[in-house]
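The structure appears below as structure tokens.
The basis for the numbers below is simple: all heavy atoms, side chains too, and nothing from hydrogens, waters or symmetry mates. Not measured: the values here are computed from a predicted model. Order of the sequence lines fixes the chain letters, A, B, ..., with proteins taken first and strands second; residue numbering starts at 1 for each chain.
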There are 2 protein chains.
Amino acid sequence: MSKYESHLDLCFSALGDPTRRMILQRLARGKASVSELAACHDMALPSFMAHLKKLETAGLITSAKQGRTRICQLSPDAFAPAKDWLSEQSDIWEGRLDRFDTYIETLLQEDDT
Amino acid sequence: MSKYESHLDLCFSALGDPTRRMILQRLARGKASVSELAACHDMALPSFMAHLKKLETAGLITSAKQGRTRICQLSPDAFAPAKDWLSEQSDIWEGRLDRFDTYIETLLQEDDT
DNA sequence: ATAATACTTAGCAATGGGGCTAAGTATCGG
DNA sequence: CCGATACTTAGCCCCATTGCTAAGTATTAT
């Protein structure tokens with residue numbers, strides 16, 4: 001369960017941390033070096049780098065070294081897999097004919113709890 | 001950092017597990033009892049229930065007891081917060097004028113690595 | 001009343017996530 | 001060449017996650 005983690009596992013898990021989402025928000029506005037990114041996070045550099053590594057492993061960002069500096073940026077279509085999965089589920093849910101009835105029905109049943 | 005976890009943290013973290021995504025996929029097709037949901041997962045019931053609890057804490061599903069049976073279903077708009085966050089980031093990314101140039105530039109720079 | 005069913009609670013073990021410091025490597029500037 | 005800069009690696013700590021079993025509770029069926 002840890003060796004064959006799917007891309008979606010990695011992707012959603014990576015998104016489940018506020019530090020990492022903030023990094024992504026910053027990178028959506030343009031590429032940046034590790035230390036530029038780290039500047040506004042009150043965290044030791046190795047800890048911060050671990051977050052970058054998770055984002056890269058999840059395919060959400062890419063990075064490359066220029067001299068002693070590492071430049072990071074969002075992967076093109078970084079969010080597509082996550083968005084696609086979510087949309088798929090929403091579509092199935094919204095396509096259900098009895099969706100609304102089911103919900104009302106349950107609201108009523110909650111009185112019995 | 002663990003007491004004030006945002007809704008998005010809980011939501012994305014919940015989505016980062018294949019068992020939990022399978023539960024959501026099943027529930028997108030209609031509500032079901034705990035044992036119905038558990039049937040196709042090779043896992044002890046308490047372990048399985050822990051997954052349901054995470055989904056409920058994240059606001060992705062709701063559940064209510066009918067007699068000795070607990071019925072689960074997707075929350076209406078369960079995926080909206082996650083989808084909205086992702087769309088927001090994508091929009092910012094796609095709105096960047098230098099997006100394409102930036103990417104090409106980096107591809108070229110990778111030769112130096 | 002009893003037994004079966006459907007969870008539920010309690011408690012434990014293994015693992016991984018997320019933080020740290022200290023020390024190492026690889027440029028760059030002078 | 002030497003010091004400063006920008007990561008990078010190694011190793012440790014603590015707590016959360018994810019699985020388990022065993023035992024408990026609440027309904028339903030007989």
*asked:* Categorize B:Ser35 for me: base, sugar-phosphate, or nothing, with a 4.0 angstrom heavy-atom threshold over every strand shown.
replied: sugar-phosphate
*Roughly, in whole Å, what's the span from CG in A:Asp42 to P in C:dC20?*
8 Å
*asked:* Going by side-chain contact (heavy atoms from CB on, under 4.5 Å), name the residues that satisfy it together with A:Ser35, two or more places apart in sequence or in a different chain.
replied: A:Ser33
*A:Gly16 or A:Pro46, whichever maps to the more 5' nucleotide of DNA chain C*: A:Gly16
*Which nucleotide in the set D:dC20, C:dC20, C:dT8 lies at the smallest distance from any side-chain heavy atom of B:Met43?*
D:dC20
*Can you check the B:Ile23 CD1 to D:dT18 P distance for me, whole Å?*
11 Å
*Measure from the side-chain N and O atoms of A:His51 to the backbone N and O of A:Thr19, and report whether any donor-acceptor pair falls under 3.5 Å.*
no
*Just by protein heavy atoms under 4.0 Å, how would nucleotides 24-30 of chain C read 5' to 3' in B, S and -?*
---BS--
*asked:* Tell me every residue that passes side-chain hydrogen bond (donor to acceptor under 3.5 Å, both in side chains) with A:Glu36, counting only those two or more places apart in sequence or in another chain.
replied: none
*asked:* Regarding A:Ala50, tell me which of base, sugar-phosphate or nothing describes its non-hydrogen contacts under 4.0 Å with the strands shown.
replied: nothing
_Listed nucleotide nearest any side-chain atom of A:Ser47, set C:dC20, D:dT18, D:dC20_ = C:dC20
_What is the distance, to the nearest angstrom, from the NZ atom on B:Lys53 to the P atom on D:dT18?_
13 Å
*Name all pairs fulfilling the ring-ring contact (aromatic ring centres under 6.0 Å, His included) condition that reach into residues 53-74 of chain B, sequence neighbours left out, sorted by first residue then second.*
none
*Who passes side-chain hydrogen bond (donor to acceptor under 3.5 Å, both in side chains) against A:Lys83, sequence neighbours left out?*
B:Ser90
*What is the distance from CG of A:Asp9 to C1' of C:dG16, rounded to the nearest Å?*
14 Å
*asked:* Both A:Ser13 and B:Leu45 contact DNA chain C. Taking the nearest nucleotide for each, which residue is further toward the 5' end?
replied: B:Leu45
_Checking A:Ser63 against A:Glu56: is there a side-chain donor and acceptor pair closer than 3.5 Å?_
yes
*Looking across every strand, which nucleic acid part, if any, lies under 4.0 Å from A:Thr69 by heavy atom: base, sugar-phosphate, or nothing?*
sugar-phosphate
_B:Glu36 CD - C:dC7 P separation (whole Å)_ = 9 Å
*Please give, in whole Å, the distance from D:dA6 C1' to A:Phe48 CZ?*
14 Å
*asked:* Tell me the interatomic distance from B:Ile71, atom CD1, to C:dC7, atom C1', rounded to whole angstroms.
replied: 12 Å
*For A:Met49 and D:dA10, what is the distance between atoms CE and C1' respectively, to the nearest whole Å?*
14 Å
Can you give me every donor-acceptor pair (side chain of residues 41-49 of chain A, partner residue at least two apart or in another chain, under 3.5 Å) with its distance?
none

